[in-house]
Amino acid sequence: MEGIFFYWIMWLVWIFTTFMMDKNKKRLTVSIFILISILLSKWYLVISTYSINMTLLFFLFLGYYLAVNLNKLKLVSFYLTSLSLTFAYSGIMLFRIYDPVWFIFDVRFIIGFIISILAIYLGRTSIERFSLYVISLCQGECLYWIVLGQFHDVLTFGTQSFLDMLSIGCLIIFLWSAVQHLTIMMENSIGKLQKTTKEKQG
């Protein structure tokens, strides 16, 4: 069922932020963002024969907002990187139509995994990775349907399947960042413990 992963993941993240995070402005912002995303997922902006999912626009604006807050010297390389991932997403989707026999597993997991791993590898910080992934996927979805627009009259940008891919990739990046943060904390704790032991021995 398309869209089920999006709703499950978003609700799980909302539960985590509501009951596990410290009560601060960041927690409130993330919680509101998640609820708005879920609410907008059933709304579409209709322009002629085009329908654009409001959650796609919401995430795209978020991605641009996070990207603008990056170091201005990195913006050029960031957008070139996001453009590469945009073409990667569109290429995989178009290849699936041309030769679907290669896609043994669900395309939502394949794209969510591939693009998120590339975003993790190319991004330096968690914010940069999230913005890179979100922008690339949203732009890639638009490019994909623009290409298909040569053969179809009615287009829907941001299907339920797209929302699944969006949430799956964000979850992968979140888990990677959590493991990375935990690893750094453990290394710091071990380093302090070793330093304390040496001082006692000295």
Side-chain angles (χ1 to χ4, degrees), residues 1-10 37 40-64 66-67 75-124 126-177:
M1 180 180 177
E2 293 184 349
I4 189 66
F5 293 107
F6 171 76
Y7 294 111
W8 271 105
I9 292 173
M10 295 300 280
S37 300
L40 293 178
S41 64
K42 293 296 183 181
W43 291 68
Y44 289 85
L45 176 64
V46 180
I47 303 175
S48 183
T49 59
Y50 301 147
S51 298
I52 306 174
N53 192 295
M54 295 300 293
T55 300
L56 182 150
L57 294 177
F58 190 50
F59 268 88
L60 184 60
F61 289 143
L62 171 69
Y64 286 144
L66 295 176
L75 281 179
V76 175
S77 62
F78 176 86
Y79 283 114
L80 289 176
T81 303
S82 66
L83 190 62
S84 300
L85 295 185
T86 296
F87 285 118
Y89 171 86
S90 302
I92 295 172
M93 292 293 289
L94 292 171
F95 184 73
R96 180 178 66 99
I97 297 176
Y98 176 74
D99 197 0
V101 71
W102 287 96
F103 292 82
I104 302 174
F105 303 103
D106 194 325
V107 68
R108 293 174 294 181
F109 293 103
I110 294 174
I111 290 182
F113 179 78
I114 292 176
I115 305 300
S116 63
I117 292 300
L118 289 173
I120 290 171
Y121 177 75
L122 296 172
R124 295 183 179 180
S126 298
I127 299 297
E128 187 175 349
R129 291 164 181 166
F130 275 114
S131 58
L132 187 60
Y133 178 78
V134 168
I135 290 174
S136 302
L137 222 65
C138 293
Q139 290 181 161
E141 176 76 356
C142 294
L143 179 60
Y144 167 68
W145 283 108
I146 288 173
V147 174
L148 289 187
Q150 306 297 322
F151 312 99
H152 300 277
D153 295 327
V154 180
L155 302 178
T156 302
F157 297 83
T159 60
Q160 295 298 307
S161 177
F162 165 78
L163 296 181
D164 284 339
M165 289 184 279
L166 189 65
S167 57
I168 289 170
C170 287
L171 179 63
I172 291 173
I173 295 174
F174 171 78
L175 293 176
W176 178 276
S177 301

#### Entry: Verdict with reasoning, Leu45 to Leu57, per side-chain contact (heavy atoms from CB on, under 4.5 Å)
CA-CA 9 Å; Leu45 176 64; Leu57 294 177; 4.1 Å; yes
### Message
For Phe109 and Phe5, take the angle between the two ring planes, folded into 0 to 90°, and tell me which bin it lands in: parallel under 30, tilted 30 to 60, perpendicular over 60.
### Response
perpendicular
Quick check: does any side chain N or O of [X] sit under 3.5 Å from a backbone N or O of [Y], one acting as donor and the other as acceptor?
X	Y	result
Ser51	Ile47	no
Asp164	Gly3	yes
Glu141	Gly158	yes

Looking at [atom1] of [X] and [atom2] of [Y], how far apart are the two atoms once the value is rounded to the nearest 0.5 Å?
X	Y	atom1	atom2	result
Ile120	Leu122	CD1	CG	10.5 Å
Tyr133	Cys138	OH	SG	9.5 Å
Leu62	Thr55	CG	OG1	12.0 Å
Ile111	Leu166	CD1	CG	12.0 Å
Phe61	Leu56	CZ	CG	9.5 Å
Ile114	Leu85	CD1	CG	11.5 Å

Any side-chain heavy atom of [X] sitting closer than 4.5 Å to one from [Y]?
X	Y	value
Ser37	Phe59	yes
Tyr144	Phe157	no
Thr156	Tyr44	yes
Phe78	Glu128	yes
Phe162	Arg108	no
Trp176	Arg129	yes
Ser90	Val147	no
Thr159	Asn53	no

### Message
Counting neighbours of OH on Tyr79 that are heavy atoms of other residues, nucleotides or ligands and sit closer than 6.0 Å, is the number greater than 12?
### Response
yes
### Task
Walk me through it: do Leu94 and Tyr98 pass the test side-chain contact (heavy atoms from CB on, under 4.5 Å)?
CA-CA 6 Å; Leu94 292 171; Tyr98 176 74; over 6 Å; no
Looking only at heavy atoms, which two atoms of [X] and [Y] are closest? And how far apart?
X	Y	result
Ile172	Gly112	CD1-O, 4.0 Å
Gly169	Ser116	O-CB, 3.7 Å
Val107	Arg96	CG2-CD, 3.4 Å
Ser177	Ser126	OG-OG, 3.0 Å

### Task
Please report the C-alpha distance between Ile168 and Ile9 in whole Å, then the side-chain angles of each, then the deciding distance to 0.1 Å, and finally whether the side-chain contact (heavy atoms from CB on, under 4.5 Å) criterion is met.
CA-CA 8 Å; Ile168 289 170; Ile9 292 173; 4.1 Å; yes
### Task
Could you tell me whether the side chains of Ser41 and Tyr7 share a donor-acceptor contact shorter than 3.5 Å?
yes
### Message
Between Thr49 and Leu155, does the side-chain contact (heavy atoms from CB on, under 4.5 Å) criterion hold? Intermediate values first, please.
### Response
CA-CA 7 Å; Thr49 59; Leu155 302 178; over 6 Å; no
